[in-house]
Amino acid sequence: ETPPPTDTDDVLVFTVATNETDGYKRFLRSVDVNGFRDNLRVLGLGKPWLGGDNVKTSVGGGYKLNLLKKALENYKNDDERIVVFTDSYDVLYLSGLAEIVNKFKSMNARILFSAEGSCWPDKSLASKYPPATRGKRFLNSGGFIGYASDLYAVLTYAPIKDKDDDQLFCTIAYLNEELRERHKIKLDHKSEIFQNLYGAVADVELKFEGGKASLLNTVYNTEPLVLHGNGYSKLSLNSLGNYLANAWSPEEGCIMCWEGTIELDETMPEAYPIILIAIFIERPTPFLNEFFTTIHQQTYPKSRLHLFVHNNVEYHQDAVDSFLKKVGKEYNSSKQVSVSDTMNEVDARNLALDYCLSKDCSGYFSVDSISHLDNKYTLKLLVEQQRGIVAPLLVRPYKMWSNFWGAIMDDGFYARSFDYMEIVKNERRGLWNVPFISSCYLINATLISNDKTRPSYSEGDLDTDMAFAYANRERSIFMYLSNRLDFGHLVNPDSYDVTVTHPDLYQILDNKLDWEKKYIHENYSENFNPNRTPMQPCPDVYWFPIVNERFTKELIDVMEMYGRWSDGSNNDPRLTGGYENVPTRDIHMNQVKYEPQWLYFLKEYVRPLQELVFTGYYHDPPRALMNFVVRYRPDEQPSLKPHHDSSTYTINIALNRARVDYEGGGCRFIRYNCSVTDTKPGWMLMHPGRLTHYHEGLRVTNGTRYVMISFVDP
Ligand SMILES: O=C(O)CCC(=O)C(=O)O
Ligand SMILES: [Fe+2]
């Protein structure tokens, strides 16, 4: 038999909020979603908070009860009207009022307070509690429900000052046996209605059933209807709040993402919100020109964009100057703080915030130079999202390293959240309230112009990114991370060494994807097209496009800058035996510190081609002791006599242009009387090293010929 539907029209739902914080907005949303906005009375809105300085760590909150008392005066004799009270900033409703009221009625109480596991603020009162039942023993005043007349009586049984502690007041009332009996005051020990999270984070679990997310208390097997992130559990509430109250569901994905957004498509360019893009180059950063390209390619009217660049790296100064010189004028304005200004990072970030305000910006888009916004709609989409602070998810390719943390330890350092992996891998998409974001984010300018919410980059001795996130957490400003779409990726600057020639060329290990885009031949992947047969200019000599011209030029630069070419004699101190039977004028990869990178290149790009054409031979990783660039010149060493290589197979990559950079040259396979002379920069010959492929380097008659050679699997 189902009970008749509960009429909840008369139920009064109270909360207290002085500011419309992010937490308050989240609370309201949960009330809306559960359909009882008409029942809600918000107390204290827009008025100063009189209940003590820091509700998080110190006592206080009597003000709340005084506001409630006043609001209940008209109902003080109403012994049928049900009143619900909760905090707001750290509370979420998970159900409608009917469920809450029905549950309350089934508990045979006139007043029900939520319960928690610790006795606070006065531990000594613990022993005064009635004998423990199963469940949480102690009263929490962040949520309660009761009949108006009883509540009024209890709230007024003694005076309470605004700055007194509300929880202490309620606790003493509850511990007063006479009062407790008279008003049938009970505690919600098993979270049948109220779930306090502090000290109980491990008691609850998200459940995705029936196409929606709900909360389960696995200790008492209950489904709490009101969730309270009390004390230090606020971050857990943020995390659960990403799903609960119909924020996200397995079927519909992110529902909350669509709320409070704007559409810019129909907007005239001159009406787009003004944004300052603030670029920070604080340390040497690989692929900086490519970074600038992703910035410049953002589809947003340039007339509505201001640029600010802080460059703190001497090596990058030319790149910054030429970027600004080339495109700076397209923007509404641009400003640079360069190395010579010797401004520290904190000051630069503050200056940028001020610059934003001075331009009447609506949004401040902070972008560190490691953030590649491959999606050209990133800025537009973030603006459309309309959140106080929102970051695009950026991840190091193939890694779990990203620009956000899903959870945080008590010491403020990284902790992995239950959903971190799903989010990083984009298996779960949405808009996530997280405790730490960095590298790239959009801030609503209203947060900047208000001193109480202006971003801070200096907190004790924390790094700027830690300080930023810490300050936002302390002020309960939500930081959202979006992975609604793929936005881009992070480059890894850890091993970037600007003392070498062409530092990006060295980044194949740490930034493979960027390296590939910059240096691999545009037709490389076509080599694997099953409908194509690889080119074979001579028997069992295969020919593949593998690197682009940029690579070949930069590699020549690396070698010429190093400059210590071998003397072409048989005595070679670089070799273990000290003797080379068929010497070339060359420089070994290990001399220019490129050996590890080159071995990785062989493994990742050469080996798959070998497996394609020399079927059944498999050696992973390939070994190679001899990796070198050869230089032929008419007046130096113009040719190489016939020989076998000490390799299973050899690769021979042309680095410059036949008939343009040099005359003559090429490689002749004697057994087949077959020569490859029309070599192309970036194209690789691959041939067996011994027995069948006796070969020679043909005479260069003019200019200089460079080839890159590896003897693979000697
Ligand atoms: O000049 C060429 O293309 C061949 C070079 C060669 O065979 C070698 O260095 O072992
Ligand atoms: Fe050779």
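Every number for a ligand or one of its atoms is a count from 1 in the order of the listing. Bear in mind that the values here come from a model prediction, so they are computed numbers and not experimental data. Basis for what follows: all heavy atoms, side chains included, without hydrogens, waters or symmetry-related copies.
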### Task
Anything protein N/O/S under 2.8 Å from the Fe ion (ligand 2)? Just list residue and atom, please.
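Those protein N, O or S atoms (cut-off: under 2.8 Å from the Fe ion (ligand 2)) are His643 NE2, Asp645 OD1, His695 NE2.
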
### Query
For the residue pair His644 and Tyr694, does the interplanar ring angle fall in the parallel (under 30°), tilted (30 to 60°) or perpendicular (over 60°) class?
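If you compare the ring of His644 with that of Tyr694, the planes turn out tilted.
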
Using 4.0 Å as the upper bound for N to carboxylate O, is an ion pair formed by [Y] and [X]?
X	Y	value
Arg607	Asp620	yes
Glu560	Arg631	yes
Asp321	Lys325	no
Lys518	Glu290	yes
Arg429	Asp486	yes
Lys380	Asp265	yes
Glu696	Arg668	yes
Asp465	Arg349	no

Give the numbers and elements of all ligand 1 atoms closer than 4.0 Å to a heavy atom of [X].
X	result
His695	7 (O)
Gly697	1 (O)
Arg705	1 (O), 2 (C), 3 (O)
Phe711	10 (O)

### Query
If you draw the axis of the six-membered ring of Trp598, does the NZ or CZ of Lys603 fall within 45° of it and under 6.0 Å from the ring centre?
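No cation-pi geometry.
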
### Query
Do the side chains of Asp510 and Arg396 get nearer than 4.5 Å, heavy atoms only?
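No; the side chains remain at least 4.5 Å from each other.
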
### Task
Return the residue, atom name and 0.1 Å-rounded distance of the protein heavy atom closest to atom 5 (C) of ligand 1.
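Of every protein heavy atom, Tyr632 OH, 3.4 Å lies nearest to atom 5 (C) of ligand 1.
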
#### Entry: Val700, Leu698, Asn652, Val707: member with heavy atom nearest to atom 3 (O) of ligand 1
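Going through Val700, Leu698, Asn652, Val707 one by one, Asn652 has the nearest heavy atom to atom 3 (O) of ligand 1.
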
### Query
If you measure from atom 6 (C) of ligand 1 to every heavy atom of Asp645, Thr679, Leu640, Asp586, which option wins on shortest distance?
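It is Leu640 whose heavy atom sits nearest to atom 6 (C) of ligand 1.
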
### Query
Do any nitrogen or oxygen atoms of Glu696 lie less than 3.5 angstrom from nitrogen or oxygen atoms of ligand 1?
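Min N/O separation from ligand 1 is not below 3.5 Å for Glu696.
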
### Heteroatom distance test (Thr584, ligand 1): nitrogen or oxygen, under 3.5 angstrom
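In this structure, Thr584 places no N or O atom under 3.5 Å from an N or O of ligand 1.
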
### Query
Which is it for Phe669 and ligand 1 at heavy atoms under 4.0 Å: side chain, backbone, both or neither?
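Within the 4.0 Å criterion, Phe669 makes no contact with ligand 1.
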
